[in-house]
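Some notes on the structure that comes next.
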Protein chains: 2
Amino acid sequence: MPAATLTGPPWAAKFRAPKGARTRESILHVAVNLASLEGLQGLTIGRLAEELKMSKSGLFAHFGSKEDLQLATVEMARQIFVEYVIRPALAEPEGMPRLWALCDRWVDHVESRVFAGGCFFTAASFEFDSRSGPVRDRIAGAMRTWLSVLSEAVERAQKCGHLKTAVNPEQLAFEIYSLAIGSHWAHGLFGDRKAFSNGRSMILARLRALATSKCPPLCKIDRPRV
Amino acid sequence: MPAATLTGPPWAAKFRAPKGARTRESILHVAVNLASLEGLQGLTIGRLAEELKMSKSGLFAHFGSKEDLQLATVEMARQIFVEYVIRPALAEPEGMPRLWALCDRWVDHVESRVFAGGCFFTAASFEFDSRSGPVRDRIAGAMRTWLSVLSEAVERAQKCGHLKTAVNPEQLAFEIYSLAIGSHWAHGLFGDRKAFSNGRSMILARLRALATSKCPPLCKIDRPRV
DNA sequence: CCTACCGATCGGTAGG
DNA sequence: CCTACCGATCGGTAGG
């Protein structure tokens, strides 16, 4: 029996990662969700192995150390965040629509539990803000990039004439993201179901207050959930 | 030799807590700071005992379980928060001065490192938002009270005629606190030294935008640190 | 408040 | 990818 019947036809090989890489990826998907629920420190190799029905050492062979596992988990979370929040928003037309899409998708990724425990990076930020080392640096790097994506969207909205130019882009990006973090906080701690629509409303109100007459209408608030 | 020379004069007794209670309090002061740095789960009995140069079991005798230790730590943090942030602000005159004092003192308690790792409750909120049990409930309770103190201050500022009555008090309280959390986040993750003065500026700008002409001037921004 | 323990779990290794 | 380990530390207990 040729090997092809066991592993699929040869021409499919390039669509399949090597087995080790696939295992590693499935480990990291579970790791991201576990870490979002119990923290990156609370992500223990034993718990993770149990969840995956693997032996500890079998799992551990994919990573050199716990720190490597944490780094790989952060990287996987970053990729998921980019795919779910940033990429679809950047596909929207420049200006206010794209800026609003970034905000809306962010709230949406918490509401839809893209990460089981809410926003992976918000939790990780507060968990690692008093520490040092490569894990904290990667978290900070991802958040720096996110803020710069947001503030660049503000800048472009200004260049499109959708937003008043009096506003400092970095500052508005920060204000918007603070409201987003706040709605995550309120939902997580109080189980407030309206936290997300309230958060969207407040961000929208802030954007509307700074919009020009050239700005296309923004009325996606409280859109029905799929 | 009478006992009084060893324990102080009898009339001083009511000013001194029993020894056990004093030890317990000094344990909790260290516990609050350790937990603010490493999380309430990262607060282990061994680390705490080491920090206090006590034996694990000697320390543990003051608490029935780790959960009891966590609950007592949250309660101690709550008391410190009330004393440092809420009480001084409530001493300010009703209306905008008191509302601003609440905001300013909150930012100040992070900036002055009243808790070694920043705001105890912000970190604890994000650490426990996916869990259940009495520890999470106490954290949520403390934050519910804090938000209600803030929104009551907004309401009174409206009754004083300092703030426009069109604003929803709970919503404004939430917006203000989101900006405060955001400035904490930016300082903690990026080491941004201007995060606090930026946070104060943004909160002030929001309050000024909603203030009436009757409102007393607000110009405490960037006041020199002692 | 201590010493001396307990079983469980931690991150990590040896050897296959 | 596994079994079988390692020393260290976890929360917690017995007994004083």
Side-chain angles (χ1 to χ4, degrees), chain A residues 3 6-7 16-32 34-35 37-74 124 127-128 131-136 138, chain B residues 3 6-7 16-32 34-35 37-74 124 127-128 131-136 138:
Chain A
L6 286 174
T7 57
R16 260 197 336 270
K19 175 120 190 280
R22 270 182 291 142
T23 306
R24 197 183 130 103
E25 234 183 87
S26 65
I27 292 172
L28 288 176
H29 272 106
V30 177
V32 160
L34 205 56
L37 285 167
E38 316 199 356
L40 270 164
Q41 285 299 333
L43 174 74
T44 67
I45 296 160
R47 278 276 283 122
L48 190 53
E50 185 191 357
E51 209 81 32
L52 285 150
K53 283 159 189 166
M54 284 175 69
S55 69
K56 265 173 55 179
S57 62
L59 186 154
F60 197 65
H62 290 273
F63 311 92
S65 65
K66 175 159 185 183
E67 188 174 272
D68 270 11
L69 169 63
Q70 290 175 324
L71 286 171
T73 303
V74 170
E127 188 181 358
F128 278 78
R131 306 183 194 198
S132 57
V135 179
R136 174 234 168 88
R138 297 266 188 111
Chain B
L6 286 174
T7 58
R16 261 197 337 270
K19 175 122 189 277
R22 270 181 293 143
T23 305
R24 200 183 127 101
E25 233 183 90
S26 65
I27 291 172
L28 288 175
H29 272 105
V30 176
V32 160
L34 205 57
L37 286 166
E38 316 199 354
L40 269 164
Q41 284 298 335
L43 173 74
T44 67
I45 296 161
R47 279 275 282 122
L48 191 53
E50 187 192 356
E51 209 82 31
L52 286 149
K53 283 158 190 167
M54 283 174 70
S55 69
K56 265 173 57 178
S57 61
L59 186 153
F60 198 65
H62 290 272
F63 311 91
S65 66
K66 176 161 183 181
E67 189 174 271
D68 270 11
L69 169 63
Q70 289 175 324
L71 287 170
T73 303
V74 171
E127 188 181 359
F128 277 78
R131 306 184 194 199
S132 56
V135 179
R136 174 235 170 87
R138 298 266 188 112

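Chain naming here is simple, since letters A, B, ... match the order of the sequence lines and numbering starts at 1 in each. Given the structure is predicted, the values throughout are model-derived calculations rather than measurements.
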### Query
To the nearest 0.5 Å, what is the distance between CG (B:Leu59) and CZ (B:Arg24)?
10.5 Å
### Summary
dist B:Thr23:OG1 -> B:Met54:CE (nearest 0.5 Å) comes out at 6.5 Å
### Message
Quick one, A:Leu69 and A:Leu28 - any side-chain contact, counting heavy atoms below 4.5 Å?
### Response
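In short, these two side chains touch, coming nearer than 4.5 Å.
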### Contacts of B:Arg138 that satisfy side chain to side chain contact (heavy atoms under 4.5 Å, CB included) - sequence neighbours left out
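B:Arg138 satisfies side chain to side chain contact (heavy atoms under 4.5 Å, CB included) with B:Leu71, B:Val74 only.
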### Summary
Here DNA chain C, pairs taken as Watson-Crick or G-U under 3.5 Å and shown with ( ), [ ] when crossing and | when to another strand, reads ||||||||||||||||
### Nearest-angstrom distance from the residue atom CG of A:Leu59 to C1' of D:dC1
11 Å
### Query
How long is the line joining NZ of B:Lys53 and P of C:dC2, in whole Å?
13 Å
### Query
What side-chain hydrogen bond (donor to acceptor under 3.5 Å, both in side chains) pairs are there with at least one residue in residues 64-74 of chain B, not counting sequence neighbours?
none
### Message
With a cut-off of less than 4.0 Å, is there a side-chain N or O of B:Ser55 near OP1 or OP2 of C:dC1?
### Response
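Result: no.
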### Query
For every nucleotide of nucleotides 9-16 of chain C, 5' to 3': is a protein heavy atom under 4.0 Å from its base (B), only from its sugar-phosphate (S), or from neither (-)?
-BBBB---
### Query
Do you know the tightest heavy-atom contact between A:Glu127 and A:Arg131?
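Looks like O-NE, 3.3 Å.
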Residues 38-53 of chain A, side-chain donor-acceptor partners within the protein, below 3.5 Å, at least two apart:
residue : atom : partner : partner atom : Å
A:Glu38 : OE2  : A:Arg47 : NH2          : 2.8
A:Thr44 : OG1  : A:Arg47 : N            : 3.2
A:Arg47 : NH1  : A:Glu51 : OE1          : 3.0

